[in-house]
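For reference, the structure is listed below as structure tokens.
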Amino acid sequence: AQSVAQPEDQVNVAEGNPLTVKCTYSVSGNPYLFWYVQYPNRGLQFLLKYITGDNLVKGSYGFEAEFNKSQTSFHLKKPSALVSDSALYFCAVRYAGNNRKLIWGLGTSLAVNP
Amino acid sequence: DGGITQSPKYLFRKEGQNVTLSCEQNLNHDAMYWYRQDPGQGLRLIYYSQIVNDFQKGDIAEGYSVSREKKESFPLTVTSAQKNPTAFYLCASSDLATAAYNEQFFGPGTRLTVL
């Protein structure tokens, strides 16, 4: 079955420290991977995506993600966290052959402490 | 401004009533989607439409209905048959529905509460 896992419900990090939000996937075929962020009572905002090519993808607000095919992972990273990065982060995947809908992770709540 | 608008932001409904949530986009996107978000459950797809006058059920379509009479509009009706409708509803759109690598753009959401 196709699935996405975000193994941590919550991540806590101190401001200025690097942050990582984890995502692993299980799909047949080549995956297209996405990260979104959601602030309280707001819609989701697209951060970045991996389609093909360079495994390190750079996105909005200083975020980046690394695609690792052997580990079927697509972890979101930022070198130096800001308090304003505190939000809910979602990983999603669509695979070749199913272009109709995204498979969503359950989300990871990131708290950046001042 | 280009984007997706949803209205109303907050909606209260009495049990047994149907309500319609509005979603409009001016991005000229082909595809539109409705999701339901509950705490700890992520996003679940209700309905999606890839073209005007056509739509498909998602994973949790029971108790909901949609229409797609215009490219820019995709209203969602929550019927009295939906047993637990209290949730946050998100509308999204994407360009070229057949392109699997296209990201979705989201509206600000409507929070529906059943009294």
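- In this structure, chain A has no heavy atom under 4.5 Å from any part of B/Gln6.
- Counted within 6.0 Å of CD1 on B/Ile51, heavy atoms from surrounding residues, nucleotides or ligands total 12 or fewer; the atom is thus considered open.
- Hydrophobic clustering (ILVMFWY, side-chain heavy atoms < 4.5 Å, transitive): B/Trp34 and B/Phe106 are in distinct clusters.
- If you measure heavy-atom distances from B/Tyr35 to chain A, the contacts under 4.5 Å come from the side chain alone.
- Proximity to chain A involves both the backbone and the side chain of B/Tyr101, based on heavy atoms less than 4.5 angstrom apart.
- The nearest pair of heavy atoms linking B/Asn102 to A/Lys49 is CA-NZ, 4.3 Å.
- The distance from the CG atom of A/Leu102 to the OH atom of B/Tyr48 is 12.0 Å, given to the nearest 0.5 Å.
- Distance check, rounded to the nearest 0.5 Å: CD of B/Glu103 to CD1 of A/Ile51 gives 7.5 Å.
- Heavy-atom distances place both the backbone and the side chain of A/Asn41 under 4.5 Å from chain B.
- Smallest separation of non-hydrogen atoms from A/Tyr36 and B/Gln104: OH-N, 2.9 Å.
- For B/Leu90, the part lying under 4.5 angstrom from a heavy atom of chain A is the side chain only.
- B/Phe105 and B/Leu21 are not part of a single hydrophobic cluster, where members link through side-chain heavy atoms under 4.5 Å apart.
- Contacts between B/Gln41 and chain A at a heavy-atom distance below 4.5 Å involve the backbone alone (N, CA, C, O).
- Side-chain atoms of B/Gln37 and A/Trp104, non-hydrogen and from C-beta on, never get closer than 4.5 Å to each other.
- For A/Gln6, no part lies near chain B; criterion is any non-hydrogen pair under 4.5 Å.
- A/Leu47 and A/Val13 fall within a single hydrophobic cluster, where Ile, Leu, Val, Met, Phe, Trp and Tyr side chains are chained together by heavy-atom contacts under 4.5 Å.
- With a 4.5 angstrom heavy-atom cutoff, A/Leu33 does not touch chain B via any of its atoms.
- Shown here is A/Lys69, whose NZ atom has no more than 12 heavy atoms of other residues, nucleotides or ligands within 6.0 Å.
- Note: the hydrophobic cluster containing B/Tyr33 does not contain B/Leu112 (ILVMFWY, side chain heavy atoms under 4.5 Å, direct or indirect links).
- In this structure the side chain of B/Leu43 reaches within 4.5 angstrom of the side chain of A/Leu44, judged on heavy atoms.
- Open room surrounds CZ on A/Arg42; 12 or fewer heavy atoms of other groups in view lie less than 6.0 Å from it.
- B/Glu15 CD: 12 or fewer foreign heavy atoms inside a 6.0 Å radius.
- At most 12 non-hydrogen atoms from other residues, nucleotides or ligands lie less than 6.0 angstrom from OH of A/Tyr61.
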